[in-house]
Visitor: 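Take this structure first; my questions come after.
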Amino acid sequence: MIKEYKTITEVAGPLMLVKGVEGVGYDELGEIELPNGDIRNCRVLEINGSNAMVQLFESSAGLNLNESKVRFLGHGIELAVSGDMLGRVFDGMGRPIDDGPEIIPEETKDINGLPMNPAARDYPSEFIQTGVSAIDGLNTLVRGQKLPIFSGSGLPHADLAAQIARQAKVLNTDSNFAVVFAAIGITYEEADFFISDFKRTGAIDRTVMFMNLANDPAVERIATPRMALTAAEYLAFEKNMHVLVILTDITNYAEALREISAARKEVPGRRGYPGYLYTDLATMYERAGKKKGVDGSITMIPILTMPEDDKTHPIPDLTGYITEGQIILSRELYRKGVKPPIDVLPSLSRLKDKGIGKGKTREDHADTMNQLFAAYARGKECKELMAILGEAALTDVDKLYAKFADNFEREYVSQGYEANRPIEETLEIGWKLLRQMPKGELKRIRDSFLEKYYDQKQETEN
């Protein structure tokens, strides 16, 4: 028997105080029935003795404190999961918004999930091909990894996210691959871009999409990524699929967390964000990974826009601590017309060495990657010197490196948002660029690989 309470004593914005409650728990869902029969949803934020502080999902406008009734449902926010979710579009609370039928659930899961036992984790080691050279060749994504993309306001992270969702696949395996895409606090225009792009390319057939718009309530914004991860866990660990989870934009999620924290009058931490921001982000990010003895896995790409392009801002800063690297988009490259504008030097994939090499990509991958990094870094230095001292101050070799940096950005990094490059093509473009340098400068590549890929190809080209 569900009890009803008519003891609403206070409403302040999205928060409401209900007195004299019994047996109500933190994060429990509730329903508010208005005098006219309308139902509004709420969630328990805080329990203090017999007082419950709840947060409304909708507006508090028109709420009559004396006549409205509250009942608590005895469970938290849940998601009905089924294999039929693939190819469907949901809102931030898991309700279908694509004019399709309701999902007939195989089971219902709490969206907060359970943390993965560290002892049960398997080490990520399998290469995921995204078709993007700057990621596959230099900052490789590995199955079970958490690799965020750090962007800036106005940079084309949406195009890159759609490209990765479309193209990503695990090489050398027959396992099913699925994408769970969650958009958090985005505009209607962006939502329309993602849905139409996925439908245009057919990627929607293997994708579950969750769309939370900027005008949706803040509490829904906090639920959206957890909805996506609950769907991903079901597909990965019960349907044995390789699942790629893309969350965009984590900055909007953190802003919603700050808004709710301020409404609860909590003591703010850095830049006004709650002191538990690190813990809260970790509860999401750490749901990615591989389990021993299970074929399925969750690989995560959270995307966040850095306020004022500041890498030391709390959101990218804390995300960098929890995840295994970062892909950074550059405003300078964007102005040059490089698509996607991935800045490979500050970008990092901490697990890239585990997913490349013989049997995974190609035997020469590690050597060519190191050489490309070194040559591009030197080329950038030479270009800076040229800007300060003039071209006459550079040696002939320095000029070669400066030219290499330009060619590298134009041919290797810039490929557009439609090109899907296999890893062999990415490696071959790398060798083509390295052949523009004297052989004696390629000190990071073993002689056997130079003989096989530098000398032989140069002979056939000549």
Visitor: Compute whether any side-chain donor of one residue and acceptor of the other, for Tyr453 and Glu363, lie under 3.5 angstrom apart.
Guide: yes

Visitor: Set out, in order, the CA-CA distance, both residues' side-chain angles and the distance that settles side-chain contact (heavy atoms from CB on, under 4.5 Å) for Leu281 and Tyr321, then state yes or no.
Guide: CA-CA 10 Å; Leu281 290 173; Tyr321 282 122; over 6 Å; no

Visitor: Any sub-3.5 Å donor-acceptor pair from Asp367's side-chain atoms to Arg446's backbone N or O?
Guide: yes

Visitor: When you check the side-chain N and O atoms of Thr319 and Tyr285, is any donor under 3.5 Å from an acceptor?
Guide: yes

Visitor: When you look at Tyr123 and Leu351, which way does the side-chain contact (heavy atoms from CB on, under 4.5 Å) test go after all the steps?
Guide: CA-CA 10 Å; Tyr123 202 85; Leu351 298 180; 3.4 Å; yes

Visitor: Should Leu348 and Arg350 count as side-chain neighbours, where that means a heavy-atom distance under 4.5 Å?
Guide: yes

Visitor: More than 12 heavy atoms of other residues, nucleotides or ligands under 6.0 Å from CD1 of Ile39: is that the case?
Guide: yes

Visitor: With sequence neighbours excluded, tell me which residues meet ring pair (Phe, Tyr, Trp, His ring centres under 6.0 Å) with Phe194.
Guide: Phe181

Visitor: Side chains of Glu46 and Glu266: closer than 4.5 Å at any heavy-atom pair?
Guide: no

Visitor: If you define the side chain from C-beta out and look only at heavy atoms, does anything of Leu372 sit under 4.5 Å from Leu138?
Guide: yes

Visitor: Who passes salt bridge (charged side-chain N to carboxylate O under 4.0 Å, His left out) against Glu28, sequence neighbours left out?
Guide: none

Visitor: Is the NZ or CZ atom of Lys291 both under 6.0 Å from the centre of the six-membered ring of Phe237 and within 45° of that ring's axis?
Guide: yes

Visitor: What pair of heavy atoms forms the shortest contact from Phe72 to Ala52, and how long is it?
Guide: CZ-CB, 4.4 Å

Visitor: Going by an N to O cut-off under 4.0 Å, is there a salt bridge joining Glu33 and Arg40?
Guide: no

Visitor: Are Asn139 and Ser347 linked by a side-chain donor-acceptor pair shorter than 3.5 Å?
Guide: no

Visitor: With a 4.0 Å cut-off, would you call Arg43 and Asp27 a salt bridge?
Guide: yes

Visitor: Do the side chains of Leu257 and Tyr273 get nearer than 4.5 Å, heavy atoms only?
Guide: no

Visitor: Verify, without hydrogens or angle tests, whether Asn370 (side chain) and Ala366 (backbone) share a donor-acceptor contact under 3.5 angstrom.
Guide: yes

Visitor: Treating Gln167 as the side-chain partner and Thr130 as the backbone partner, does any N or O pair qualify as donor plus acceptor under 3.5 Å?
Guide: yes

Visitor: To the nearest 0.5 Å, what is the distance between NZ on Lys336 and OG on Ser414?
Guide: 11.0 Å

Visitor: Calculate, to the nearest 0.5 Å, the distance between atoms NE2 and CZ belonging to His365 and Phe127 respectively.
Guide: 6.5 Å

Visitor: Do the side chains of Arg421 and Glu411 get close enough for a salt bridge, i.e. N-O under 4.0 angstrom?
Guide: no

Visitor: As an exercise, state the distance from CG of Asp110 to CG of Leu79, rounded to the nearest 0.5 Å.
Guide: 10.5 Å

Visitor: Quick one about Glu324 and Ser349 (side-chain donor to acceptor, distance below 3.5 Å, no hydrogens or angles considered), yes or no?
Guide: no

Visitor: Do we see a donor-acceptor contact under 3.5 Å between the side chains of Arg166 and Thr201?
Guide: no

Visitor: Below 30° counts as parallel, above 60° as perpendicular, anything between as tilted: where do the rings of Phe90 and Phe210 land?
Guide: parallel

Visitor: Any sub-3.5 Å donor-acceptor pair from Asn212's side-chain atoms to Ala183's backbone N or O?
Guide: no

Visitor: Enumerate the salt bridge (Lys or Arg N to Asp or Glu O under 4.0 Å) contacts for residues 267-286, please, sequence neighbours excluded, ordered by first and then second residue.
Guide: Arg121-Glu286, Lys146-Glu286, Arg226-Asp280, Arg270-Asp317, Arg271-Asp310

Visitor: Do Glu233 and Arg287 meet the salt-bridge criterion of a basic N to acidic O distance under 4.0 Å?
Guide: yes

Visitor: Under a 4.0 Å N-O cut-off, is there an ion pair linking Glu428 with Arg435?
Guide: yes

Visitor: For the side chain of Thr230 and the backbone of Ile111, is there at least one donor-acceptor N/O pair under 3.5 Å apart?
Guide: yes

Visitor: Within the distance-only criterion (no hydrogens, no angle test), does the side chain of Gln129 pair as donor or acceptor with the backbone N or O of Ile423 below 3.5 angstrom?
Guide: yes

Visitor: Would Tyr412 and Leu433 count as a side-chain contact (heavy atoms from CB on, under 4.5 Å) here? Give the steps.
Guide: CA-CA 8 Å; Tyr412 193 97; Leu433 289 164; 3.8 Å; yes

Visitor: Under 3.5 Å, is there a donor-acceptor pair between the Thr299 and Gln145 side chains?
Guide: no

Visitor: Let's go through Leu434 and Phe404 carefully: what are the C-alpha distance in whole Å and the side-chain angles of both, what is the deciding distance for side-chain contact (heavy atoms from CB on, under 4.5 Å) to 0.1 Å, and is it a yes or a no?
Guide: CA-CA 8 Å; Leu434 291 173; Phe404 174 90; 4.2 Å; yes

Visitor: Does the side chain of Leu160 come within less than 4.5 Å of Val132's, by heavy atoms?
Guide: yes

Visitor: Using a 3.5 Å distance criterion without hydrogens, assess whether the side chain of Ser330 forms a donor-acceptor pair with backbone atoms of Asp343.
Guide: no

Visitor: Say you draw a straight line from CG of Leu333 to CD1 of Ile342; how long is it, rounded to the nearest 0.5 Å?
Guide: 9.5 Å

Visitor: Is Glu78 close to Lys109 at the side-chain level, that is, under 4.5 Å between some pair of heavy atoms?
Guide: no

Visitor: How long is the span from the CG atom in Leu229 to the CD1 atom in Ile298, to the nearest 0.5 Å?
Guide: 6.5 Å

Visitor: Donor-acceptor check, side chain of Asn252 to backbone of Ile184, threshold 3.5 angstrom: yes or no?
Guide: yes

Visitor: Are more than 12 heavy atoms from other residues, nucleotides or ligands located less than 6.0 Å from atom NZ of Lys358?
Guide: no

Visitor: Nearest 0.5 angstrom please: Asp159 CG to Ile164 CD1, how far?
Guide: 11.0 Å

Visitor: Is Arg221 salt-bridged to Asp216, cutoff N-O under 4.0 Å?
Guide: no

Visitor: Does any part of the side chain of Leu155, heavy atoms only, come nearer than 4.5 Å to the side chain of Arg331, both counted from C-beta?
Guide: yes

Visitor: Using a cut-off of 6.0 Å, state whether more than 12 heavy atoms not belonging to Tyr26 lie near its atom OH.
Guide: yes

Visitor: Heavy-atom count around Lys199 NZ within 6.0 Å, excluding the residue itself: above 12?
Guide: no

Visitor: Main chain of Asn41, side chain of Glu58: is a donor-acceptor contact present, judged purely on distance under 3.5 Å?
Guide: yes

Visitor: So, are Arg88 and Asp98 salt-bridged, with charged N and O less than 4.0 Å apart?
Guide: yes

Visitor: Any donor and acceptor pair, going by atom type alone, linking the side chain of Arg258 with main-chain N or O of Tyr253 inside 3.5 Å?
Guide: no

Visitor: Heavy-atom distance under 4.5 Å between the side chains of Arg206 and Val179, does that happen here?
Guide: yes

Visitor: Charged N to carboxylate O under 4.0 angstrom, Glu425 versus Lys432?
Guide: no

